[in-house]
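First comes the structure, then the notes that go with it.
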There are 2 protein chains.
Amino acid sequence: MIANPDRAQKPIGKPCDTPGRDAGNCPVRDVIDRIAGKWSTLILEALAKRPYRFGELRRLVPDISQRMLTQTLRDLQRDGYIDREVFPTKPPSVEYRMTDLGRSLFEPLSKVLQWAGDNHALVRAAREKYDQSELA
Amino acid sequence: MIANPDRAQKPIGKPCDTPGRDAGNCPVRDVIDRIAGKWSTLILEALAKRPYRFGELRRLVPDISQRMLTQTLRDLQRDGYIDREVFPTKPPSVEYRMTDLGRSLFEPLSKVLQWAGDNHALVRAAREKYDQSELA
DNA sequence: CAGCATCCCAAGTGATACTG
DNA sequence: CAGTATCACTTGGGATGCTG
């Protein structure tokens, strides 16, 4: 919709011409809602660097639960951002690596992460200012 | 952390040197988790175009509830991405507009939204492929 | 018009225990 | 090692009704 100016005045979030479908079927939201999860960006960021095994990822993101790590990896795999390779060793080991689609996504995504790191202080300041004016 | 290679091997999500604080205090996550909300990007996308009043935003995002629109606007305002101006007319009207900080954020963010729109089909295809292989 | 307050349900998430 | 299963809890978010 960003690339489609003549639609900009129409309802956002529903650029589809498919009124029969559910409300949540905006293509952009369909994609964004997935990578917007609490842990998705952290995992993508890790795997953008190099492949990792399950346990390594767990150590890289210390406060993620085993449950959420598994689930996030499955979701990212399902959407085609990462691949999962099982090595039938004993005990088994599993390696996760980013796909081409994942790298394609991470290119613009990393810019946002970069922005967040760079401008964190400004956001914090805005928050404090807002909270100050609120306790009046 | 992306811009800080020598920290890339340390735990992601906790690049702070402040162990006393809570786990969720990674700067990047602190910022990202806010704009990752279900409605934040939609509102930002609308206000990136031009200022809007409350009711206009409501019409632009038809399936948002009044409650969530208010809450999302407050959150975005608190983080400094948008401004809120009250016109003491009768009945009152309130206008929301993007701040410089908001525009600064939206620049990289819009690239991700663009990507989502462009690659939606690929993601859908990946999902179907995954789901197919799963029902074995 | 632009909210706030309340209720309530569904989804997300963590903790724990168990397994090939 | 890399999961799966279950439960309990917290949070998100919709519906409704009321207000300046």
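Each chain gets a letter, A, B and so on, in the order its sequence line appears, and its residues count up from 1. Just so you know, these numbers use all the heavy atoms, side chains as well, and skip hydrogens, waters and symmetry mates. Remember, it's a predicted structure, so these values are computed and weren't measured experimentally.
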Rounded to whole angstrom units, what separation is found between the [atom1] atom of [X] and the [atom2] atom of [N]?
| X | N | atom1 | atom2 | value |
| --- | --- | --- | --- | --- |
| L69(A) | dC1(D) | CG | P | 14 Å |
| M68(A) | dC7(D) | CE | P | 19 Å |
| F87(A) | dG3(D) | CZ | P | 12 Å |
| R58(B) | dG3(C) | CZ | P | 11 Å |
| I64(B) | dG13(D) | CD1 | C1' | 10 Å |
| E85(A) | dA2(D) | CD | C1' | 15 Å |
| D33(B) | dG12(D) | CG | P | 11 Å |
| D75(A) | dA11(C) | CG | C1' | 13 Å |

Are [X] and [Y] packed together at the side-chain level, in the sense that at least one heavy-atom pair is separated by less than 4.5 angstrom?
| X | Y | answer |
| --- | --- | --- |
| I35(A) | Y81(A) | yes |
| T41(B) | L109(B) | yes |
| L113(B) | F106(B) | yes |
| L73(A) | F54(A) | yes |

Which of these nucleotides, [options], is closest to any side-chain atom of [X]?
| X | options | value |
| --- | --- | --- |
| Q66(B) | dG17(D), dG14(C), dG3(D) | dG17(D) |
| R84(A) | dT4(D), dA2(D), dG3(C) | dA2(D) |
| P92(B) | dA2(D), dG20(D), dG14(C) | dG20(D) |
| W39(A) | dA2(D), dG14(C), dG3(C) | dG14(C) |

For a quick test of reading the model: is some side-chain N or O of [X] closer than 4.0 Å to OP1 or OP2 of [N]?
| X | N | result |
| --- | --- | --- |
| K38(B) | dA10(C) | no |
| R67(B) | dG12(D) | no |
| R74(A) | dG3(D) | yes |
| Y96(A) | dG3(D) | yes |
| R53(B) | dG3(C) | no |

Pairing of D33(A) and K38(B) as salt bridge, 4.0 angstrom limit: no

Pairwise 5' ranking along DNA chain C for S65(A) and P91(A), keeping only the more 5' one: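 By nearest-heavy-atom nucleotide position, the 5'-most residue is S65(A).
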
